[in-house]
Amino acid sequence: MKFLEYTPLDRLNDFLSRVNFGERTIKGCLEAYSCKHTGTDKKLSLSLEHEILDYLGKSSDTDSSSPAEYLLSRSSRKTLIYLVLTLYHMYPDYDFSLVKAHQFFLEESWDSFKQIFETYMLEASREWIEANGGNSLLEALYKALDEVVRLSECEIYSYNPDCDVDPFLEKGSIWSFNFFFYNRKLKRVVSFRFCCISNLMADGFLDDLCYEDDGEIFDGMDM
């Protein structure tokens, strides 16, 4: 995998790096990668393929909607490997060997993503219009993604990791979403993660408040 630089994504990243609303902050980041193997990708890809095949060999699940059924297709296994390799490049110090197929969900369409984005990024969208005017944040996002990965040809995946092993989850996180826009023909993927963080929790204010409250319990007591 190779990181790809695109000016349209940079403009969005500059805006989404920190949209502060006082008690909470909305953050987002877009990263584009070529799916061509580089460096240790081949070795890691082979290891992931063996893990998937081993899972299939042990699985007795015949449900047509199960991860096992999905992974029977070699193209589906390759897609999963590309998505996991993308995670490794996004967070090189993190171990994603425990990532499972059922943690990725194939969204039905751009409209499915749009509904989530418009619901959770409403305030950020208003801020974008005030700062930039013209097109909405969603329209700017669509245009940038279309330029990089041709949205009409893309498969859109959401990634929903377990909370205790989520490298995206920051202190004070209120909600977060992780999406991948994958174009098989171009062999290119764009990751898009966005989240909302409580500034009070992130700054440790609530921790200090709780500590002070605990201290009051012992006021006037003989220790």
Side-chain angles (χ1 to χ4, degrees), residues 1-21 24-36 38 41 79-80 82-94 96 99 103-107 109-132 134-161 166-170 173-197:
M1 308 286 285
K2 181 181 178 181
F3 178 76
L4 304 173
E5 293 187 11
Y6 286 96
T7 302
L9 299 185
D10 291 341
R11 182 180 175 224
L12 288 165
N13 283 333
D14 286 343
F15 171 76
L16 292 170
S17 61
R18 196 170 184 86
V19 188
N20 196 315
F21 295 102
R24 61 194 179 285
T25 294
I26 289 179
K27 300 170 66 176
C29 183
L30 293 133
E31 295 183 8
Y33 292 91
S34 164
C35 294
K36 295 179 181 179
T38 59
D41 284 345
T79 298
L80 177 62
Y82 283 147
L83 296 181
V84 176
L85 285 176
T86 302
L87 290 173
Y88 270 105
H89 281 270
M90 291 166 63
Y91 289 90
D93 297 326
Y94 195 86
F96 289 96
V99 170
Q103 293 175 319
F104 291 93
F105 298 87
L106 180 60
E107 299 295 324
S109 64
W110 169 262
D111 287 339
S112 300
F113 166 80
K114 177 182 175 181
Q115 184 175 0
I116 294 172
F117 184 88
E118 289 185 328
T119 299
Y120 287 88
M121 297 290 280
L122 179 62
E123 290 178 303
S125 298
R126 290 172 178 166
E127 192 76 12
W128 169 271
I129 292 176
E130 287 185 15
N132 299 279
N135 295 337
S136 68
L137 179 58
L138 181 65
E139 290 171 329
L141 176 64
Y142 183 98
K143 185 177 180 180
L145 287 171
D146 194 47
E147 181 176 332
V148 178
V149 285
R150 298 176 191 167
L151 281 174
S152 63
E153 301 174 1
C154 272
E155 297 167 9
I156 304 176
Y157 292 87
S158 58
Y159 173 52
N160 186 27
D166 183 2
F168 302 98
L169 206 60
E170 297 187 37
S173 179
I174 300 172
W175 52 257
S176 65
F177 292 93
N178 313 288
F179 286 93
F180 295 90
F181 300 84
Y182 171 55
N183 187 312
R184 292 177 184 269
K185 293 180 181 179
L186 295 177
K187 289 189 175 180
R188 195 175 298 164
V189 60
V190 172
S191 69
F192 179 34
R193 55 194 185 276
F194 53 101
C195 64
C196 180
I197 299 169

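Owing to the predicted nature of the structure, the values given are computational and were not obtained by experimental measurement.
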Asker: Parallel, tilted or perpendicular: which describes the rings of Phe192 and Phe117, with under 30° parallel and over 60° perpendicular?
Answerer: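 Geometry flag for Phe117 against Phe192: tilted rings.
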
Asker: Should Leu83 and Tyr159 be marked as a side-chain contact (heavy atoms from CB on, under 4.5 Å) after you check the CA-CA gap, both sets of side-chain angles, and the distance that decides it?
Answerer: CA-CA 9 Å; Leu83 296 181; Tyr159 173 52; over 6 Å; no

Asker: Between Asp146 (side chain only) and Leu151 (backbone N and O only), is there a donor and an acceptor less than 3.5 Å apart?
Answerer: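 Between the backbone of Leu151 and the side chain of Asp146 there is a qualifying donor-acceptor contact (under 3.5 Å).
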
Asker: Between the main-chain N or O of Leu30 and the side-chain N or O of Asn13, is there a donor-acceptor pair closer than 3.5 Å?
Answerer: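 Confirmed, Asn13 side chain pairs with Leu30 backbone.
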
Asker: Any side-chain heavy atom of Phe194 within less than 4.5 Å of one from Trp175?
Answerer: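 Counting from C-beta outward, Phe194 and Trp175 do come under 4.5 Å.
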
Asker: To the nearest 0.5 angstrom, please state how far the SG atom of Cys195 sits from the CG atom of Leu16.
Answerer: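 Output value for this atom pair is 10.0 Å.
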
Asker: Measure across Ala32 and Val148 and return the closest heavy-atom pair with its distance rounded to 0.1 Å.
Answerer: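 Scanning both residues, the minimum pair turns out to be CB-CG1, 4.0 Å.
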
Asker: If you measure from CZ on Phe105 to CZ on Phe180, what distance do you get to the nearest 0.5 Å?
Answerer: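 If we round to the nearest 0.5 Å, Phe105:CZ and Phe180:CZ are 13.0 Å apart.
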
Asker: Please tell me whether Phe181 and Phe113 form a close aromatic pair, meaning their ring centres lie under 6.0 Å apart.
Answerer: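 Yes, close enough.
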
Asker: State the OH-CZ distance between Tyr82 and Arg188, to the nearest 0.5 angstrom.
Answerer: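 So the gap between those two atoms works out to 13.0 Å.
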
Asker: What's the shortest heavy-atom distance between Lys27 and Ile197, and which atoms?
Answerer: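 Minimum heavy-atom contact is CD-CD1, 3.6 Å.
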
Asker: side-chain contact (heavy atoms from CB on, under 4.5 Å) for His89 and Glu31? Distances and angles first, verdict last.
Answerer: CA-CA 10 Å; His89 281 270; Glu31 295 183 8; over 6 Å; no

Asker: If I compare all heavy atoms of Asn183 with all of Leu186, which pair ends up nearest, and what's the gap?
Answerer: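 So the minimum-distance heavy-atom pair works out to OD1-N, 2.9 Å.
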
Asker: Within a 6.0 Å radius of atom CD on Gln115, are there more than 12 heavy atoms belonging to other residues, nucleotides or ligands?
Answerer: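 For Gln115, atom CD is not crowded (no more than 12 foreign heavy atoms under 6.0 Å).
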
Asker: Would you please test Cys154 and Trp110 for side-chain contact (heavy atoms from CB on, under 4.5 Å) and show each step?
Answerer: CA-CA 9 Å; Cys154 272; Trp110 169 262; over 6 Å; no

Asker: Might you point out which heavy atoms bring Leu9 and Ala144 nearest each other, and give the distance in Å?
Answerer: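 Smallest heavy-atom distance, with atoms named: CD2-CB, 4.0 Å.
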
Asker: Tell me whether Arg184 is salt-bridged to Glu153, with the criterion being a basic N under 4.0 Å from an acidic carboxylate O.
Answerer: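 Glu153 and Arg184: not salt-bridged.
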
Asker: Does OH belonging to Tyr6 count more than 12 external heavy atoms closer than 6.0 Å?
Answerer: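 It does: Tyr6 OH has more than 12 such atoms within range.
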
Asker: Taking the six-membered ring for Trp, are Trp128 and Phe15 parallel (under 30°), tilted (30 to 60°) or perpendicular (over 60°)?
Answerer: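 Rings of Trp128 and Phe15: perpendicular, as their planes differ by over 60°.
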
Asker: Say you draw a straight line from OG of Ser109 to CD1 of Ile156; how long is it, rounded to the nearest 0.5 Å?
Answerer: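 Between Ser109 OG and Ile156 CD1, I get 7.0 Å after rounding to 0.5 Å.
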
Asker: So, taking the atom named CD in Glu127 and the one named CG in Asn20, what distance separates them when rounded to the nearest 0.5 Å?
Answerer: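 That separation rounds to 9.0 Å.
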
Asker: Taking side-chain contact (heavy atoms from CB on, under 4.5 Å) as the definition, give me every residue that meets it alongside Ala124, ordered by chain and number, with sequence neighbours left out.
Answerer: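 In terms of side-chain contact (heavy atoms from CB on, under 4.5 Å), with neighbours along the sequence ignored, Ala124 is linked to Ile26, Met121, Leu137.
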
Asker: With side chains defined as the heavy atoms from C-beta onward, is the minimum distance between Cys196 and Phe21 less than 4.5 Å?
Answerer: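 A side-chain contact is absent here, since even the closest heavy-atom pair is not under 4.5 Å.
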
Asker: Checking Asp14 now: which residues fulfil side-chain contact (heavy atoms from CB on, under 4.5 Å) with it, not counting sequence neighbours?
Answerer: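 Testing Asp14 for side-chain contact (heavy atoms from CB on, under 4.5 Å), a comparison that skips the adjacent residues, returns none.
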
Asker: For Arg150 and Lys185, run side-chain contact (heavy atoms from CB on, under 4.5 Å): C-alpha distance rounded to whole Å, both residues' side-chain angles, the deciding distance at 0.1 Å, then the answer.
Answerer: CA-CA 10 Å; Arg150 298 176 191 167; Lys185 293 180 181 179; 5.8 Å; no

Asker: If I take atom CD1 from residue Ile129 and atom OG from residue Ser136, how far apart are they, to the nearest 0.5 angstrom?
Answerer: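 Ile129 CD1 to Ser136 OG: 6.0 Å, rounded to 0.5 Å.
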
Asker: Do Asn178 and Ser191 have side chains that get closer than 4.5 Å, going by heavy atoms?
Answerer: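 The answer is no, as the side chains (C-beta and beyond) never meet within the 4.5 Å cut-off.
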
